[in-house]
A.B. asks: 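Below is the structure I would like to discuss, written out as structure tokens.
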Amino acid sequence: MKIGITGGIGSGKSYVCQLLKARGIEVYDCDQAAKRIIRTSEDVRQQLLQLIGSLEKADIARFLLESEANAKKIDAIVHPAVFRDFEESSYQWMESAILYESGASKLVDRVVVVTAPEEVRIQRVMHRDDISREKALQWMQRQWPQEELRRRADYEIVNDGQQDLNTQIEALLKRIEI
């Protein structure tokens with residue numbers, strides 16, 4: 001069974017994945033895979049260079065945030081390469097902030113969403129990335145609303161700093177029979 005883990009920026013998906021790794025469950029990180037593929041795939045690099053004119057991270061991010069049309073153009077290059085990479089891997093678990101938006105949900109059998117209150121997410125992103133509240137909100141608005149992710153997911157892990165994550169993960173693993 002293939003399991004997808006999603007949640008908005010700042011929800012704590014990566015932290016939950018670290019807790020899974022401590023239990024021996026390796027999780028394919030779509031963000032890291034995309035970065036690796038952009039660095040190593042000549043085909044992807046050439047397509048991005050033709051589209052943006054630069055392969056610098058800041059230039060790619062600026063282009064991405066300029067418009068939804070720009071984001072879709074980048075996604076049309078990078079997402080298929082990441083999907084192929086996942087399918088060719090031995091991973092059973094995948095982490096993707098944009099699991100539904102990217103179409104990666106079609107690659108998994110079940111979806112776990114990690115949620116957190118909006119203000120908690122904003123503060124986490126500002127602190128982690130050393131960015132302004134405005135920039136954090138800009139990144140958050142590029143993703144689907146948390147309520148929509150919650151509605152579509154099969155399971156939820158609440159990462160609000162109050163509920164115990166280990167207890168929730170153990171319950172999740174029992175429910176999906178891992």
Side-chain angles (χ1 to χ4, degrees), residues 1-36 57 60-61 64-65 68 71-72 74-75 78-79 82-83 85-86 89 91-176 178:
M1 181 184 313
K2 303 270 187 185
I3 310 290
I5 300 176
T6 194
I9 188 170
S11 64
K13 294 176 303 301
S14 297
Y15 184 64
V16 168
C17 290
Q18 288 173 12
L19 295 175
L20 289 168
K21 185 174 183 171
R23 289 168 171 78
I25 298 171
E26 295 291 329
V27 181
Y28 181 91
D29 183 329
C30 287
D31 286 345
Q32 290 304 315
K35 290 172 186 171
R36 175 180 43 80
K57 182 180 176 182
I60 293 172
L64 180 82
L65 291 173
E68 189 60 33
K72 287 181 179 182
I74 289 176
D75 293 348
V78 177
H79 291 169
V82 171
F83 297 168
D85 191 61
F86 174 72
S89 77
Y91 288 92
Q92 299 299 306
W93 293 69
M94 167 198 284
E95 173 190 357
S96 174
I98 55 173
L99 188 79
Y100 293 108
E101 302 96 306
S102 69
S105 60
K106 295 174 185 157
L107 304 176
V108 298
D109 302 301
R110 297 282 184 269
V111 175
V112 177
V113 64
V114 179
T115 62
E118 183 174 297
E119 189 56 35
V120 170
R121 293 173 55 208
I122 292 167
Q123 293 304 316
R124 285 177 182 161
V125 173
M126 288 172 57
H127 178 74
R128 179 192 72 198
D129 298 344
D130 193 27
I131 60 174
S132 68
R133 180 180 190 84
E134 179 184 335
K135 185 63 99 178
L137 286 168
Q138 190 176 16
W139 281 109
M140 287 175 71
Q141 290 165 355
R142 186 169 183 278
Q143 298 175 344
W144 280 10
Q146 184 168 260
E147 285 307 314
E148 181 63 19
L149 298 178
R150 184 181 281 135
R151 188 181 69 73
R152 291 177 179 241
D154 299 295
Y155 310 101
E156 179 181 12
I157 293 178
V158 179
N159 185 16
D160 59 2
Q162 305 296 314
Q163 299 183 52
D164 185 66
L165 289 176
N166 286 306
T167 301
Q168 293 180 74
I169 289 170
E170 288 303 320
L172 168 70
L173 295 176
K174 285 179 185 162
R175 285 184 66 198
I176 58 175
I178 297 273

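Since we're looking at a predicted model, the values are computed, not measured.
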A.B. asks: Please name the pair of heavy atoms, one in G103 and one in F83, separated by the smallest distance, quoted to 0.1 Å.
C.D. replies: C-CZ, 3.9 Å
A.B. asks: Between the side chains of E156 and T115, does any donor sit under 3.5 Å from an acceptor?
C.D. replies: yes
A.B. asks: Hey, what do you get for CD1 (I169) to CD1 (I157), rounding to the nearest 0.5 Å?
C.D. replies: 5.0 Å
A.B. asks: Show the numbers, then the answer: is there a side chain to side chain contact (heavy atoms under 4.5 Å, CB included) between W139 and I131?
C.D. replies: CA-CA 11 Å; W139 281 109; I131 60 174; 4.3 Å; yes
A.B. asks: Start with the C-alpha gap between K21 and V27, add the side-chain angles, then the distance that decides, and say whether side chain to side chain contact (heavy atoms under 4.5 Å, CB included) holds.
C.D. replies: CA-CA 7 Å; K21 185 174 183 171; V27 181; over 6 Å; no
A.B. asks: Quick one: do E148 and R151 make a salt bridge, cutoff under 4.0 Å?
C.D. replies: yes
A.B. asks: Looking only at atom types and distance, does a side-chain atom of Q168 sit under 3.5 Å from a main-chain N or O of V158, one as donor and one as acceptor?
C.D. replies: yes
A.B. asks: Roughly how far, to the nearest 0.5 Å, is CG of N159 from CG of D164?
C.D. replies: 10.5 Å
A.B. asks: Quiz question: by atom type and distance under 3.5 Å, do the side chains of Q123 and E119 form a donor-acceptor pair?
C.D. replies: yes
A.B. asks: Examine distances only and state if a side-chain atom of Q143 and a backbone atom of I9 form a donor-acceptor pair shorter than 3.5 Å.
C.D. replies: yes
A.B. asks: Using every non-hydrogen atom in the two residues, find where E95 and C17 come nearest and quote the distance to one decimal.
C.D. replies: OE1-SG, 3.5 Å
A.B. asks: Is a side-chain N or O of Y155 found less than 3.5 angstrom from the main chain of I176, in a donor-acceptor match?
C.D. replies: no
A.B. asks: Going through the checks in order, is the side chain to side chain contact (heavy atoms under 4.5 Å, CB included) test met by E118 and Q146?
C.D. replies: CA-CA 9 Å; E118 183 174 297; Q146 184 168 260; over 6 Å; no
A.B. asks: Which distance, rounded to the nearest 0.5 Å, do you find between the CG of L172 and the CG of L20?
C.D. replies: 7.5 Å
A.B. asks: Between the side chains of R23 and N166, does any donor sit under 3.5 Å from an acceptor?
C.D. replies: yes
A.B. asks: Does this structure show an ion pair linking D85 with R36, if we count only N-O contacts that are shorter than 4.0 Å?
C.D. replies: yes
A.B. asks: Using side-chain heavy atoms (C-beta onward) and a distance below 4.5 Å, is V108 in contact with I3?
C.D. replies: no
A.B. asks: Are any side-chain N or O atoms of K13 and backbone N or O atoms of G7, one a donor and one an acceptor, separated by less than 3.5 Å?
C.D. replies: yes
A.B. asks: Between CG of L107 and OG of S102, what distance do you get to the nearest 0.5 Å?
C.D. replies: 8.0 Å
A.B. asks: For S96 and T6, indicate whether the former's side chain and the latter's backbone hold a donor-acceptor pair under 3.5 Å.
C.D. replies: no
A.B. asks: With the side chain counted from C-beta on, respond yes when R152 and V113 share a heavy-atom pair under 4.5 Å apart, and no when they do not.
C.D. replies: no
A.B. asks: For residues A136 and M126, report the shortest heavy-atom separation together with the two atoms involved.
C.D. replies: CB-CG, 4.0 Å
A.B. asks: Between the side chain of R124 and the main-chain N/O of S11, is any donor-acceptor distance below 3.5 Å?
C.D. replies: yes
A.B. asks: So which heavy atom on W93 is nearest to which on F86, and how close?
C.D. replies: O-CE1, 3.9 Å
A.B. asks: Should the ring pair W144 and Y100 be called parallel, tilted or perpendicular, given that the plane angle runs from 0 to 90° and is split at 30 and 60?
C.D. replies: parallel
A.B. asks: Keeping the roles fixed (side chain from K2, backbone from Y91), state whether a donor-acceptor pair exists under 3.5 Å.
C.D. replies: yes
A.B. asks: Quick one: are M94 and L99 in side-chain contact, heavy atoms under 4.5 Å?
C.D. replies: yes
A.B. asks: Between R142 and E101, does the salt bridge (charged side-chain N to carboxylate O under 4.0 Å, His left out) criterion hold? Intermediate values first, please.
C.D. replies: CA-CA 10 Å; R142 186 169 183 278; E101 302 96 306; over 6 Å; no
